[in-house]
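In what follows, a structure is listed as structure tokens, so that the remarks can point back to it.
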Amino acid sequence: MGLSDTPAFPLPRSARLAVFASGRGSNLASLIEAFPADPPAALARVALVVVNVPAAPALRQAQAAGVATRLICWTRYSGSRDAFERDALATLDRAGIDLVCLAGFMRILSPAFTRRWAGRIVNVHPSLLPAYPGLHPQRRALEAGERESGCTIHLVDAGVDSGPIVLQRRVPIFDGDDEEALSARILEMEHRAYPEAVRTLLQGDAHERSETASGASP
Ligand code: GRF
């Protein structure tokens, strides 16, 4: 799948976004700020937040912002990803969602799920993909002696952090940076980049990127 194979955006109305978040929810906050439900922004509004951890700060944040929430607890499905995903898919359909934004959801979605949402599900990852997919990308970038890192917003396919790139933003790595310092610098960039990537996608402005991580534009 490439960006050009994805269903056409823009939509002739304000898009309904669902954000899947299970952690501290800082990207969720930036998406809610950029695309408020009330009054709805012209391009899109966060219409639903799906959380799979009851204690997640993301759940309280969404509730405080007056956004509809759905807690879909993995543990309630006796470890069955199928049942969990069936419920999630039905929830998205009922809510009339146009675009799903993953923001620290902490669950790998099945190929059946990502196929069903192909071109309409995005993720944010704290590295310059295709470099450092998967876990601890900031630590691995430091260990490799990289001089820069960044964040990538990409369409989600059946692989891990492997779908077509919508947008990348770079940050420098300074001497003496530890994992915490680098993670914070990247996260701050994510908060600006994620809404921008969503806008780009919804406006139909996303184009195929052929650059490698080292050749990607800022
Ligand atoms: C971010 O680092 C993001 O890149 C990764 O998960 C983290 C989510 O952080 N996919 P937050 O919950 O949005 O603060």
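Every number for a ligand or one of its atoms is a count from 1 in the order of the listing. Note: hydrogens, waters and symmetry copies are ignored here, and every other heavy atom, side chains too, is used.
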Polar proximity ligand 1 side, Asn123 side, N/O cut 3.5 Å exclusive: no

Is the shortest N/O to N/O distance between Val124 and ligand 1 below 3.5 Å? yes

Stepwise, does the side-chain hydrogen bond (donor to acceptor under 3.5 Å, both in side chains) test hold for Ser162 with Asp157? CA-CA 7 Å; Ser162 59; Asp157 64 10; 2.6 Å; yes

Could you tell me whether Glu196 atom CD has more than 12 heavy atoms of other residues or ligands within 6.0 Å of it? yes

Could you walk me through whether Ser14 and Arg45 pass side-chain hydrogen bond (donor to acceptor under 3.5 Å, both in side chains), step by step? CA-CA 7 Å; Ser14 174; Arg45 94 277 306 263; 3.2 Å; yes

Starting from atom 9 (O) of ligand 1, which protein heavy atom do you reach first, and at what distance in Å? Arg24 NH2, 3.1 Å

Protein residue, atom and distance nearest to atom 1 (C) of ligand 1, heavy-atom basis: Glu190 OE1, 3.3 Å

With rounding to the nearest 0.5 Å, note down the distance linking CG in Leu187 to SG in Cys151. 9.0 Å

Find out if a path of hydrophobic residues (ILVMFWY) with successive side-chain heavy-atom gaps under 4.5 Å connects Val156 to Val160. no

Would you mind finding which of Gly104, Gly25, Ala21, Gly23 brings a heavy atom closest to atom 12 (O) of ligand 1? Gly25

